[in-house]
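To start, the structure itself, in structure tokens.
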Amino acid sequence: MWAATVFTLYPEMFPGPLGLSMAGTALERRTWSLETKNIREHGLGRHRAVDDTPAGGGPGMVLRADVLAASVDATLDPSDPRPRLLMSPRGAPLTQKMVRALSERTGVVIVCGRFEGVDERVIAGRGLEEVSIGDYVLSGGEMAALTLLDACVRLLPGVMGKGESGVDESFENDLLEYPHYTRPRDWEGRKIPDVLMSGDHARIARWRREQAEKLTRERRPDLWRKLEEP
Ligand code: ADE
């Protein structure tokens, strides 16, 4: 079973949308498991404080290293082989390649950041790898964690139907996906391209490849340049 452990101040946000649809069915079938740990259980004092003001001044609050480390240490076996990720806009951009690699491990540990940040010392001290889901700022790492988990879980064996191996999808071959059509053949005067009705599978495959390349060139010149590199 692929096992996810999530450290968060908002455990109520899980499984959230991952309790529904493909991921939810897979959770019920125990294809994967989800454990949440409330960091506040290791908070300090009567108020179970988890954050403090930033050293050097400035706005906002910083998640304390000692509190997060206590939560991690009380939960994880030091020999736990799972990668430990910290969701953060400073992190390495999440890619389909990373998602596939994570889905092939035994699971993941995810720390959700909050406030202005996490005390830098606990990142190195507990071997956390920072991962970002994009160049925008969320109010915390929880939505990012849900996104990462969704992307991983759908690749686990048996989660996608047999028709949907995932190999034809956007990014799996570094191309955006070709356009899709279904009945009716003529909708508001817009017709399904004739080639798709031809029954000529080689021609259809060629057309789809060309369309995928055209879309990638037009919409994602950054991806296209990477493909052209030797
Ligand atoms: N936390 C806040 N913003 C984030 C982002 N873009 N990616 C991952 N974690 C985040």
Side-chain angles (χ1 to χ4, degrees), residues 2-19 23 32 34-43 49-56 58-72 75-76 80 82-105 107-156 169-172 176 219-220 222-223 226:
W2 194 84
T5 299
V6 178
F7 292 88
T8 172
L9 290 166
Y10 299 96
E12 304 85 353
M13 288 176 74
F14 297 86
L18 300 181
W32 70 294
L34 177 62
E35 171 190 36
T36 53
K37 284 289 158 189
N38 192 338
I39 299 165
R40 195 168 297 282
E41 283 176 18
H42 293 270
V50 295
D51 58 337
D52 211 328
T53 53
M61 298 292 269
V62 177
L63 188 60
R64 290 178 60 118
D66 51 356
V67 171
L68 179 55
S71 178
V72 167
T75 306
L76 299 181
D80 193 322
R82 293 174 296 169
R84 297 175 174 192
L85 311 181
L86 170 65
M87 303 318 294
S88 152
R90 289 193 333 190
L94 183 66
T95 62
Q96 189 65 18
K97 193 171 153 199
M98 284 165 63
V99 165
R100 193 163 277 284
L102 290 171
S103 75
E104 288 167 0
R105 303 279 298 263
V108 280
V109 172
I110 304 179
V111 175
C112 300
R114 277 267 151 184
F115 315 110
E116 302 315 294
V118 173
D119 188 307
E120 190 70 22
R121 295 168 293 179
V122 74
I123 301 175
R126 290 299 176 274
L128 307 181
E129 296 169 49
E130 293 179 76
V131 175
S132 167
I133 65 160
D135 291 341
Y136 39 81
V137 181
L138 305 170
S139 47
E142 284 76 11
M143 306 271 266
L146 289 165
T147 299
L148 182 145
L149 289 171
D150 180 79
C152 289
V153 165
R154 60 189 290 282
L155 296 181
L156 298 177
E169 294 172 343
S170 289
F171 307 118
E172 279 294 346
L176 300 184
R219 296 186 182 178
R220 294 295 303 275
D222 57 321
L223 285 181
K226 268 205 317 217

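Every number for a ligand or one of its atoms is a count from 1 in the order of the listing. For the numbers below, each heavy atom of this structure counts, side chains included, while hydrogens, waters and symmetry mates do not.
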4.0 Å heavy-atom contact, Gly91 with ligand 1: no
Non-hydrogen atom of Pro89 closer than 4.0 Å to ligand 1: yes
Protein contact to [atom] [nearest heavy atom, distance to 0.1 Å]:
| atom | result |
| --- | --- |
| atom 9 (N) of ligand 1 | Ser88 N, 3.0 Å |
| atom 3 (N) of ligand 1 | Leu138 N, 3.0 Å |
| atom 6 (N) of ligand 1 | Tyr136 O, 2.8 Å |

Numbering as shown, the atoms of ligand 1 that approach Ala144 to under 4.0 Å (heavy-atom distance): 8 (C), 9 (N)
Per-atom contacts of ligand 1 with Val131, taking only distances under 4.0 Å to non-hydrogen atoms: 8 (C)
Distance in Å, Ser132 OG paired with Leu138 CG, rounded so as to fall on 0.5 Å steps: 8.0 Å
Distance in Å, Leu86 CG paired with Leu68 CG, rounded so as to fall on 0.5 Å steps: 8.0 Å
Residue pair Asp150 / Pro17, side-chain heavy-atom distance below 4.5 Å: no
Geometric N/O contact Gly134 with ligand 1, under 3.5 angstrom: yes
N or O contact, Ile133 vs ligand 1, cut-off under 3.5 Å: yes
Whether Arg82 side chain and Ala3 backbone form a donor-acceptor pair below 3.5 Å: yes
Sidechain-backbone polar pair: Trp2 side chain, Leu102 backbone, donor-acceptor under 3.5 Å: yes
Check against side-chain contact (heavy atoms from CB on, under 4.5 Å), Arg114 and Asp51: CA-CA 9 Å; Arg114 277 267 151 184; Asp51 58 337; over 6 Å; no
Distance-only donor-acceptor hits, side chain of residues 36-43, under 3.5 Å, sequence neighbours excluded:
{"from": "Asn38", "atom 1": "OD1", "to": "Arg40", "atom 2": "N", "distance (Å)": "3.0"}
{"from": "Arg40", "atom 1": "NH1", "to": "Arg48", "atom 2": "O", "distance (Å)": "3.0"}

